[in-house]
Amino acid sequence: MDLQQNKDAVFAAIERAKKAADRSQEFVNVIAVTKYVDSSITKDLVATGVQHIGENRVDVFLDKYRALSGIPLTWHLIGSLQRRKVKDVINYVDYFHALDSVKLAQEIQKRAEKKIKCFLQVNISKEASKHGFLIEELEAVLEELLSLDKVEVVGLMTMAPFEASHAELMSIFSEAKALQERLAARKLPHMPFTELSMGMSGDFTEAIACGATFIRIGTAFFK
Ligand SMILES: *Cc1c(COP(=O)(O)O)cnc(C)c1O
C-alpha cells in the first residue's frame with residue numbers, strides 16, 4: 001500500500017471531476033475515511049497531505065482523536081450516532097454527518113458546549129436499509145430543529161445505493177442538490193444549508209458533478 005501514490009491518485013481524480021463539472025474554482029473538501037486502518041497508518045496518511053479525517057464509530061473516533069492530537073486536523077463523525085454516546089464525543093467533533101432523528105438533535109442540544117456543525121442525513125433513494133430522513137418528513141423536522149440553536153445545520157448528507165448505475169447516481173445526487181438549494185434559500189436561523197456531503201470512493205465523480213462540497217473517501221486511499 002503506497003499511501004502517497006493513492007493520495008495523489010485520489011486528488012488527481014477529484015481535480016479531473018471538478019474540471020469536467022466546470023467547478024475547478026470551487027472548493028471540495030476531501031474527508032479521508034480512516035475506518036479501515038489504525039492510528040499509525042492514519043498518521044502516515046495525514047503526512048501525505050490530507051486535512052480532514054472521518055470515522056464512523058465513536059470509540060475509534062476518540063482513540064484516533066487522542067492519538068493524533070497536536071496535528072491540526074478537521075474531525076468528522078460520519079456514521080450513525082446512538083443517543084447515549086452523544087455526550088462522549090460531540091464536543092470533539094467538527095462536523096457530524098449523520099443527523100437522522102429529532103431525538104438525536106435534542107440530545108446534541110443538551111450536551112453541546114458550542115454550536116455543532118451537523119448535516120441532516122436524507123434518504124433520497126428510499127432504501128429501507130438506509131438511515132436518514134425521507135423528504136416528506138423534512139418540514140416537520142425543521143420545525144422541531146428551530147428551537148435547537150446549538151445544532152447548526154450546515155447542509156445535507158446522502159448516500160446512494162451501492163449498486164446504483166451512473167444514471168441513478170446522477171438522479172439521486174441532483175435531487176439532493178436541488179433540495180439543498182431550496183433549503184438554503186429559506187435562510188432559516190442556525191440552518192444555513194450551504195453544504196452537501198455526498199460521494200464515496202465509487203461515486204465521487206457523479207457527486208462532484210452534482211455539486212458535492214464534502215466527499216467522504218475511504219477505500220481509494222487504502223488499496
Ligand atoms: C465507509 C464510509 C465511507 C467511505 O466509503 P468508501 O467506499 O470506502 O470510500 C463514506 N461514508 C460513510 C458514511 C462510510 O461509512
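These values consider heavy atoms only, across backbone and side chains, with no hydrogens, waters or symmetry-generated copies. For ligands, and for the atoms within them, numbers begin at 1 and follow the listed sequence.
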With a cut-off of 4.0 Å, which atoms of ligand 1 are near a heavy atom of [X]?
{"X": "Asn56", "answer": "15 (O)"}
{"X": "Gly218", "answer": "4 (C), 6 (P), 8 (O), 9 (O)"}
{"X": "Tyr36", "answer": "1 (C), 5 (O), 6 (P), 8 (O)"}

Any donor-acceptor N or O pair under 3.5 Å, side chains [X], [Y]:
{"X": "Gln121", "Y": "His97", "value": "no"}
{"X": "Asn29", "Y": "Gln51", "value": "no"}
{"X": "Asp100", "Y": "His131", "value": "yes"}
{"X": "Asp8", "Y": "Gln4", "value": "yes"}

Item to check | Per-residue contact class, His97 against ligand 1 - non-hydrogen pairs under 4.0 Å | outcome: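 Neither; nothing of His97 gets under 4.0 Å from ligand 1.
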Checklist entry - Is Ile217 touching ligand 1 with its side chain, its backbone, both, or neither, if touching means heavy atoms under 4.0 Å apart? => result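 The part of Ile217 near ligand 1 is the backbone, not the side chain.
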For [atom], which protein heavy atom lies nearest, and how many Å away is it?
{"atom": "atom 2 (C) of ligand 1", "value": "Lys35 NZ, 2.5 Å"}
{"atom": "atom 7 (O) of ligand 1", "value": "Thr219 OG1, 3.6 Å"}
{"atom": "atom 10 (C) of ligand 1", "value": "Met200 SD, 3.4 Å"}
{"atom": "atom 11 (N) of ligand 1", "value": "Arg216 NE, 2.9 Å"}
{"atom": "atom 9 (O) of ligand 1", "value": "Ser201 OG, 2.5 Å"}
{"atom": "atom 12 (C) of ligand 1", "value": "Ile78 CD1, 3.5 Å"}

Item to check | Flag side-chain contact, heavy atom, 4.5 Å: Phe96 against Lys117 | outcome: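 No, side chains not in contact.
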Next on the checklist: A side-chain contact here means heavy atoms from C-beta on lying under 4.5 Å apart; do Val86 and Leu104 qualify?
Outcome noted: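 Side chain of Val86 against side chain of Leu104, heavy atoms only: contact under 4.5 Å found.
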Next on the checklist: Please confirm whether Phe204 approaches ligand 1 to less than 4.0 Å, judged on its heavy atoms.
Outcome noted: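 Checking ligand 1 against Phe204, which is what was asked, there is no heavy-atom contact under 4.0 Å.
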Item to check | side-chain contact (heavy atoms from CB on, under 4.5 Å) partner of Phe61, the single match among Asn56, Thr34, Ile53, Leu77 | outcome: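 Considering Asn56, Thr34, Ile53, Leu77, a side-chain contact (heavy atoms from CB on, under 4.5 Å) with Phe61 is found only for Leu77.
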Checklist entry - Within a radius of less than 6.0 Å around NZ of Lys110, do more than 12 heavy atoms belonging to other residues, nucleotides or ligands occur? => result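 No, because the 6.0 Å sphere around NZ of Lys110 holds 12 heavy atoms or fewer from other groups.
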Checklist entry - Looking at Phe173, does the NZ or CZ of Lys177 lie under 6.0 angstrom from its six-membered ring centre and within 45 degrees of the ring axis? => result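 No - Lys177 does not lie over the ring of Phe173 by the 6.0 Å and 45° rule.
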Next on the checklist: So for ligand 1, is Met159 a polar contact partner (N or O within less than 3.5 Å, distance only)?
Outcome noted: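 Between Met159 and ligand 1 (N or O atoms, distance only) the closest approach is not under 3.5 Å.
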